Amino acid sequence: MTKALSRGLVVIAGLLAGQTAADPDPRPADMAVSKTDPRLTRVKQFFQDRDCPAQVYAADFITAADQHDLDWRLLPSLSFIESGGGKVAYNNNMFGWDNCKLKFRSTREGIYRIASKLGKSRMYRKKNVDQVLKLYNPRREYTKAVKAVMNQLGPAELAPAVGF
């Protein structure tokens with residue numbers, strides 16, 4: 001019985017070790033953003049002009065939005081309103097998700113997890129930006145603030161660059 005218990009613990013330890021070795025910074029390799037993509041330039045410049053730590057995640061905001069069929073401006077705008085673009089982010093949570101109680105292993109993980117929730121969860125999927133924002137935070141001023149940042153970033157239909 002002791003041997004069986006020991007073997008079981010070894011198997012569980014091995015499984016847990018495999019989980020911790022997983023990449024905490026998901027980056028879909030098949031959805032890389034071109035360095036000449038005008039959306040990337042706008043997001044980087046917006047955060048650089050405001051000295052925000054989020055500038056280093058500009059490509060992740062775009063990639064995560066593309067991966068989950070979100071408006072490319074939504075994630076950076078939410079991060080700016082919620083945490084000043086990462087200036088006051090807690091638990092690697094730039095989006096204020098769950099009143100910042102939800103912890104992410106990295107900021108990048110937070111970007112992809114929140115994008116997934118906004119794009120795939122029953123609560124948010126198949127909703128337009130106004131509907132998403134009303135669910136995210138029902139205060140009318142909140143929607144206005146996020147949309148003002150979105151408008152500063154540029155038009156929704158700003159085409160990504162073709163070719164890499």
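Since the structure is predicted, the reported quantities are computational estimates derived from the model, not experimental observations.
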**Study point:** Leu70 side chain near Val132 side chain, heavy-atom distance below 4.5 Å
**Key:** no
Review point. Given side chains that start at C-beta, do those of Leu135 and Met123 come closer than 4.5 Å, heavy atoms only?
Key: yes
Practice item. Kindly indicate whether the side chain of Pro76, heavy atoms from C-beta on, has any atom under 4.5 Å from the side chain of Phe46. Key: no
Review point. Tyr136 versus Tyr124: any side-chain heavy-atom pair under 4.5 Å?
Key: yes
Check your understanding: What pairs with Lys134 under side chain to side chain contact (heavy atoms under 4.5 Å, CB included), at least two apart in sequence or on another chain?
Key -> none
Study note, to complete from the structure: One should read off an interatomic distance between Ile111 CD1 and Ser116 OG, to the nearest 0.5 angstrom, of 13.5 Å
Practice item. Quick one: pull up CG in Asn137 and CD1 in Ile81 and give me the separation to the nearest 0.5 Å. Key: 10.5 Å
**Study point:** Partners meeting side chain to side chain contact (heavy atoms under 4.5 Å, CB included) with Asp51 (sequence neighbours left out)
**Key:** none
Practice item. Give the C-alpha distance, both sets of side-chain angles, the deciding distance and a yes or no for side chain to side chain contact (heavy atoms under 4.5 Å, CB included) between Val129 and Val146. Key: CA-CA 10 Å; Val129 170; Val146 173; over 6 Å; no
Check your understanding: Nearest heavy-atom pair of Gln131 and Lys126: which atoms, and what distance?
Key -> OE1-O, 4.5 Å
Practice item. Measure up the Phe95 and Phe61 rings against each other and bin them: parallel (under 30°), tilted (30 to 60°), perpendicular (over 60°). Key: perpendicular
Review point. What do the steps show when you test Trp72 against Leu153 for side chain to side chain contact (heavy atoms under 4.5 Å, CB included), and what is the final call?
Key: CA-CA 9 Å; Trp72 66 272; Leu153 287 168; 4.0 Å; yes
Check your understanding: Does Gln67 reach the main-chain N or O of Thr63 with its side chain, forming a donor-acceptor pair under 3.5 Å?
Key -> no
**Study point:** Nearest heavy-atom neighbours spanning Leu75 and Ala115
**Key:** CD1-CB, 3.8 Å
Study note, to complete from the structure: d(Asn93 CG, Ile114 CD1) to nearest 0.5 Å is 6.0 Å
Review point. Closest heavy-atom contact between Arg73 and Ala156?
Key: NH2-CB, 3.5 Å
Exercise for review: Mind checking salt bridge (Lys or Arg N to Asp or Glu O under 4.0 Å) for Lys147 and listing every partner two or more places apart, or none if nothing turns up?
Suggested key: Asp130
Check your understanding: Would you say the side chain of Lys103 lies within less than 4.5 Å of the side chain of Asn92, judging by non-hydrogen atoms?
Key -> no
Review point. If you measure from CG on Asp71 to CD on Glu157, what distance do you get to the nearest 0.5 Å?
Key: 9.0 Å
Review point. Is Met150 reachable from Leu158 through a run of I, L, V, M, F, W or Y residues, each pair having side-chain heavy atoms under 4.5 Å apart?
Key: yes
Review point. If you look at every heavy atom in Gly119 and Arg125, which pair is closest and at what distance?
Key: O-CB, 3.4 Å
Exercise for review: Applying side chain to side chain contact (heavy atoms under 4.5 Å, CB included), run through Leu118 and His68 and close with a yes or a no.
Suggested key: CA-CA 8 Å; Leu118 294 176; His68 297 287; over 6 Å; no
Exercise for review: Using a strict cut-off of less than 4.0 Å between a Lys/Arg side-chain nitrogen and an Asp/Glu carboxylate oxygen, indicate whether Arg39 and Asp66 qualify as a salt bridge.
Suggested key: yes
Check your understanding: What are the two closest heavy atoms between Phe80 and Cys52, and how far apart are they?
Key -> CE1-SG, 3.9 Å
Exercise for review: Apply side chain to side chain contact (heavy atoms under 4.5 Å, CB included) to Trp97 and Lys117, showing your working.
Suggested key: CA-CA 10 Å; Trp97 194 269; Lys117 289 180 182 295; 3.3 Å; yes
Study note, to complete from the structure: Contacts of Lys144 meeting side chain to side chain contact (heavy atoms under 4.5 Å, CB included) (sequence neighbours excluded), chain-then-number -> Arg140
Review point. Are the side chain of Gln45 and the backbone N or O of Arg42 linked by a donor-acceptor pair below 3.5 Å?
Key: no
Review point. How far does CZ of Phe104 sit from CD of Glu109, to the nearest 0.5 angstrom?
Key: 6.5 Å
Review point. Considering residues at least two apart in sequence or located in another chain, which fulfil the side chain to side chain contact (heavy atoms under 4.5 Å, CB included) criterion with Ala58?
Key: Leu40, Val43, Lys44
**Study point:** ILVMFWY network linking Met94 to Val56, side-chain heavy atoms under 4.5 angstrom
**Key:** yes
Practice item. Look at the side chain of Asn99 and the backbone N and O of Lys101, then say whether any donor-acceptor pair between them is shorter than 3.5 Å. Key: no
Point to revise | Residue pairs involving residues 75-91 (criterion side-chain hydrogen bond (donor to acceptor under 3.5 Å, both in side chains); sequence neighbours excluded) | key: Glu82-Tyr142
